[in-house]
Amino acid sequence: MTGTSERDGLAGVLREWRGRRGVSQLDLALRAGTTQRHVSFIESGRSLPGRAMVVRLAESLEIPLRERNALLLAAGYAPAYPETRLDDPGLRPVRTALEGVLRGHQPYPAVIVDRHSDLVSANDAFWALTEGVAAPLLAPPLNVPRLFLDPRGMAPRIVNLDVWAWHVIDHLRLEAARNPRDRLSELLAELTALVPERPRDPGPDHLGFAVPLRLRLGGGELRLLTTLTHFGTAVDVTVAELRMEAFLPADAETASALTALTGLGRPAPATPAEPPDGGAATRRITPQPPDDGDAARRATSPEPPGSAATRRAAGSSPA
């Protein structure tokens with residue numbers, strides 16, 4: 001039997017998520033196929049919903065799978081969504097898909113990150129961009145926003161750092177508001193202290209969310225936009241929290257430069273930061289022991305090409 005403390009826990013968590021999403025009780029009821037009275041009773045602790053209703057409420061509020069499990073636990077039910085290590089044999093099709101997409105994106109840079117924006121995997125084109133980055137920033141867990149915005153990283157080579165850095169930070173802040181995480185809040189505070197002050201006038205070429213990354217490399221400049229890819233039908237916490245960020249050329253000159261950079265026109269830079277395995281078209285970070293209870297870890301072996309991800313256009317933030 002579910003006790004009073006469990007009822008109160010569910011009520012509080014549900015109210016918190018509904019407030020975070022800016023959804024009224026009536027709107028939530030309509031989305032979940034129930035009544036406003038029932039939602040009100042749940043939030044006041046007067047009614048305990050069935051397991052299926054908890055899942056419907058979570059879906060209606062677009063709650064991430066990890067937090068849906070927490071909501072189910074608060075209601076007194078077992079978690080519904082497994083959390084599997086990425087190197088588990090059961091997730092081989094997922095690794096096949098992700099590694100195949102990374103290889104297929106060559107000669108353009110692409111990375112796969114977890115919920116903390118820590119690197120899971122990257123292709124050769126991405127490692128070529130990290131020329132001159134300080135070694136500590138490349139040690140696992142390699143955080144991609146930090147790699148770009150830290151003065152020891154790629155920040156000194158970002159031509160439009162004053163604008164692009166705040167584009168990245170705003171994206172992270174929006175994510176933190178929708179899905180609060182301690183590590184994300186700490187990262188936000190760290191990066192905000194590192195970057196230049198937000199410009200009052202971003203200039204006539206400012207495009208809002210579609211801020212291009214202008215990166216000096218060698219004797220030229222790359223102009224890059226990005227797409228974000230995620231598994232839209234994942235039922236495993238680990239898979240649902242993965243996403244791929246693919247950098248695309250914003251002009252023909254950048255496309256040509258990236259093609260040459262990956263070996264078709266000239267060798268990659270002499271000092272690219274890359275894992276010690278060398279040579280592979282896709283470079284992987286060795287899984288690390290869990291540092292905060294996460295089971296989402298990094299892939300460790302290349303697989304044949306596959307496709308199980310869904311892609312949507314987005315701004316150019318590595319977050």
Side-chain angles (χ1 to χ4, degrees), residues 17 51 54-73 77-105 110-123 126 140-145 171-172 175-176 178-181 183-184 187 226-246 282-314 317-319:
W17 276 106
R51 184 174 182 275
V54 175
V55 172
R56 279 158 54 190
L57 291 170
E59 288 179 338
S60 300
L61 290 172
E62 299 180 356
I63 299 176
L65 298 192
R66 181 181 298 274
E67 284 72 25
R68 292 188 196 186
N69 279 341
L71 194 67
L72 285 162
L73 285 171
Y77 301 111
Y81 307 97
E83 185 177 356
T84 312
R85 287 181 58 93
L86 190 55
D87 56 1
D88 187 277
L91 291 188
R92 178 171 180 172
V94 174
R95 297 196 303 273
T96 298
L98 294 177
E99 300 294 347
V101 171
L102 284 178
R103 285 194 297 270
H105 197 70
V111 297
I112 297 169
V113 298
D114 63 17
R115 70 190 185 112
H116 298 303
S117 293
D118 289 342
L119 186 70
V120 172
S121 191
N123 62 10
F126 175 78
L142 188 163
N143 184 268
V144 175
H171 179 86
L172 289 172
E175 175 65 17
R178 286 183 56 83
N179 304 301
R181 298 164 189 155
R183 278 191 59 187
L184 191 54
L187 179 64
T226 65
T227 63
L228 297 178
T229 303
H230 65 95
F231 284 85
T233 57
V235 293
D236 187 285
V237 172
T238 301
V239 179
E241 291 177 345
L242 295 176
R243 66 184 183 276
M244 188 185 86
E245 182 159 1
T282 303
R283 313 298 173 94
R284 286 157 297 283
I285 301 299
T286 302
Q288 301 297 308
D291 57 2
D292 59 357
D294 291 344
R297 293 293 110 190
R298 297 153 180 80
T300 60
S301 59
E303 304 293 345
S307 60
T310 54
R311 176 165 299 193
R312 60 181 177 83
S317 61

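Values below: all heavy atoms of this structure, side chains included; hydrogens, waters and symmetry mates excluded. In this chain, residues are counted from 1 in sequence order.
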Hey, could you give me the [atom1]/[atom2] distance between [X] and [Y], rounded to the nearest 0.5 Å?
X: R66; Y: E83; atom1: CZ; atom2: CD; value: 4.0 Å
X: T227; Y: R243; atom1: OG1; atom2: CZ; value: 12.5 Å
X: R85; Y: L91; atom1: CZ; atom2: CG; value: 11.0 Å
X: T226; Y: E245; atom1: OG1; atom2: CD; value: 4.5 Å
X: T238; Y: L65; atom1: OG1; atom2: CG; value: 10.0 Å
X: L242; Y: T229; atom1: CG; atom2: OG1; value: 11.5 Å

Under a 4.5 Å cut-off applied to non-hydrogen side-chain atoms, are [X] and [Y] in contact?
X: M244; Y: L102; result: yes
X: R183; Y: R115; result: no
X: R103; Y: N123; result: no
X: Y77; Y: L71; result: no
X: L172; Y: E175; result: no
X: H116; Y: P145; result: no
X: V55; Y: Y81; result: yes
X: E241; Y: P64; result: no

Open item on the list: Donor-acceptor pair, distance only, cut-off 3.5 Å: does the side chain of N69 make one with the backbone of A80?
Closed with: yes

For [X] and [Y], which heavy atoms make the closest approach, and how far apart are they?
X: P141; Y: D118; value: CB-OD2, 3.6 Å
X: A78; Y: R51; value: O-NE, 4.2 Å
X: V111; Y: A122; value: CG1-CB, 3.9 Å
X: F231; Y: A97; value: CZ-CB, 4.4 Å

- [ ] Identify the residue among V94, T96, V101 that makes a side chain to side chain contact (heavy atoms under 4.5 Å, CB included) with L98.
- [x] V94

